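Keep in mind that what you see is a predicted model, and the values were worked out from it rather than measured. The chains referred to below are lettered A, B, ... by the order of the sequence lines, with proteins before strands, and numbering in each begins at 1.
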Amino acid sequence: MERHSLHGWDLTPTQAVALQRELKERVVLRPPKGLKVERVAGADISMSRGEDWASGGFVVLDAETRAPVARASAVTRLGFPYVPGLLSFRELPVLMEAWARLEVRPDLIIFDGQGTAHPRRLGLACHGGLLFGVPSIGCAKSLLVGEHGPLGEERGAVADILHQGEVVGRAVRTRRGVLPVYVSPGHLMDLPTAVEWVLRMTSRYREPETTRHAHRLVNEVRREALAARASSRE
DNA sequence: GCGACAG
DNA sequence: ATCTTGTCGC
């Protein structure tokens, strides 16, 4: 392993699983003492059906006003297939490129996927938090593992997600009458703080504003890349 | 072996 | 994730 990178990315799924078991030991499930969050970033990727490239990006919002203050994106080839439980190996390489171009460092990153609510407790948000060295949260639209009981219909209602006897995350109703999102800590984070920030960054829609901004950014970038590719082939 | 399975 | 029209509900 090199000094400035967490690990290599040319891995087989079997090697990736072994690496996850090592990396989970480095995850810190506690926010840094006196954590001050002034800027929150959303991360996401977008890809075309049946093609092997994708766009990835970050949008940084002011935590107080939720106004975007910075953004960065990249387009690369996907070097890893979609395998449930190994999503980070597919998504993080593009995000690393975008991260290198991001000129404003966020104090917190919200990923579109699981944190500890993962079969080996190393979901996308944990892996990404370790890689970028920033507190992180996983906020997914559906469950990968675990189950939870019913939760109230009102905004702010929660239910613990249990997996193998452990509380690995929380189902959180971010808006009255809509399906919950699934929140779990990534790195340098705990569950209550993660839920607090997801609710803080959510208002009118089911998903946090960070995620929504990042989603729009990477979709735009992907369409631009598609158009550029089409015109260069003529 | 069967079913589940983030994006 | 992406591909897509209509349709249900506030």
Side-chain angles (χ1 to χ4, degrees), chain A residues 9 13 16-17 20 23-24 27 42-58 73-96 98 109-129 131 136-148 153-155 161-164 168-172 174-187 189 191 194 198 203-208 210-212 214-227 229-230:
Chain A
W9 294 91
V17 168
Q20 287 182 323
L23 293 177
K24 71 166 258 190
V27 172
D44 196 16
I45 77 159
S46 172
M47 52 206 183
S48 291
R49 184 178 61 173
E51 297 209 49
D52 65 341
W53 56 272
S55 60
F58 293 88
S73 62
V75 174
T76 68
R77 301 185 66 109
L78 291 166
F80 200 91
Y82 171 69
V83 180
L86 299 180
L87 182 65
S88 61
F89 294 92
R90 182 170 173 80
E91 300 207 349
L92 288 177
V94 204
L95 289 175
M96 288 173 71
I109 304 173
I110 300 179
F111 287 89
D112 190 9
Q114 316 292 346
T116 54
H118 176 278
R120 289 167 295 280
R121 309 290 180 262
L122 199 88
L124 173 64
C126 303
H127 198 166
L131 189 60
S136 60
I137 293 168
C139 180
K141 296 180 292 299
S142 64
L143 276 179
L144 173 59
V145 294
E147 58 275 326
H148 66 82
E153 284 300 313
E154 74 283 7
R155 167 176 161 86
I161 299 167
L162 277 104
H163 181 238
Q164 298 176 342
V168 295
R170 277 194 186 125
V172 179
T174 54
R175 198 192 157 187
R176 182 172 198 88
V178 301
L179 293 171
V181 293
Y182 303 96
V183 179
S184 54
H187 179 48
M189 183 54 52
L191 185 51
V198 166
S203 56
R204 187 161 184 242
Y205 301 93
R206 181 188 178 210
E207 297 195 81
T210 41
T211 303
R212 291 167 44 76
H215 201 268
R216 277 180 306 216
L217 168 64
V218 297
N219 269 308
E220 282 172 20
V221 169
R222 179 174 58 84
R223 287 181 187 116
E224 286 164 8
L226 181 65
R229 157 181 287 213

Exercise. Going by atom types only, do A:R222 and A:S46 share a side-chain donor-acceptor pair under 3.5 Å?
Worked result: yes
Problem set entry | Nearest-angstrom distance from the residue atom CZ of A:R176 to C1' of C:dC10 | 13 Å
Would you list the protein and nucleotides 4-6 of chain B atom pairs, both N or O, that sit under 3.5 Å from each other?
from  : atom 1 : to     : atom 2 : distance (Å)
B:dA6 : OP2    : A:Y82  : OH     : 2.5
B:dA6 : N7     : A:G85  : N      : 3.1
B:dA6 : N6     : A:G85  : O      : 3.1
B:dA6 : N6     : A:L86  : N      : 3.3
B:dA6 : N6     : A:L87  : N      : 3.1
B:dA6 : N1     : A:L124 : N      : 3.1
B:dA6 : N3     : A:Q114 : N      : 3.0

Exercise. Does A:M47 reach the side chain of A:L78, with side-chain heavy atoms less than 4.5 Å apart?
Worked result: yes
Exercise. Any side-chain heavy atom of A:I161 within less than 4.5 Å of one from A:L143?
Worked result: yes
Problem set entry | Parallel, tilted or perpendicular: ring planes of A:H148 versus A:Y182, cut at 30 and 60 degrees | tilted
Problem set entry | Whole-Å distance separating the CZ atom of A:R204 from the C1' atom of C:dC10 | 11 Å
Problem set entry | Length of the line joining A:W53:CH2 and C:dT2:C1', which is rounded to integer Å | 12 Å
For this session: May I ask you to test the A:F58-A:I109 pair for a side-chain heavy-atom distance under 4.5 Å?
Result: yes
For this session: Would you please confirm or rule out a distance under 4.0 Å between OP1 or OP2 of C:dT2 and any side-chain N or O of A:N219?
Result: yes
Exercise. Quick one: do the A:S184 and A:R170 side chains pair a donor with an acceptor below 3.5 Å?
Worked result: no
For this session: Give the dot-bracket string for DNA chain B, reading 5' to 3', where a pair is Watson-Crick or G-U wobble with both distances under 3.5 Å, ( ) marks pairs inside the strand, [ ] marks pairs crossing earlier ones, | marks a partner on another strand, and . marks unpaired.
Result: .......
For this session: Could you check how far CG of A:L95 sits from P of C:dA1, rounded to whole Å?
Result: 14 Å
Problem set entry | Closest non-hydrogen atom pair, A:A54 against A:V94 | O-CG1, 3.8 Å
Exercise. Does A:S48 reach the side chain of A:W53, with side-chain heavy atoms less than 4.5 Å apart?
Worked result: yes
Exercise. A:P180 versus A:V172: any side-chain heavy-atom pair under 4.5 Å?
Worked result: no
Exercise. Side chains of A:N219 and A:R216: is there a donor and an acceptor less than 3.5 Å apart?
Worked result: no
For this session: Looking only at non-hydrogen atoms, find the nearest pair between A:L144 and A:A117 and report the distance.
Result: CB-O, 4.2 Å
Seminar exercise, completed: Note on DNA chain C: ranges paired as stems (three or more Watson-Crick/G-U pairs in a row, both atom distances under 3.5 Å) are none
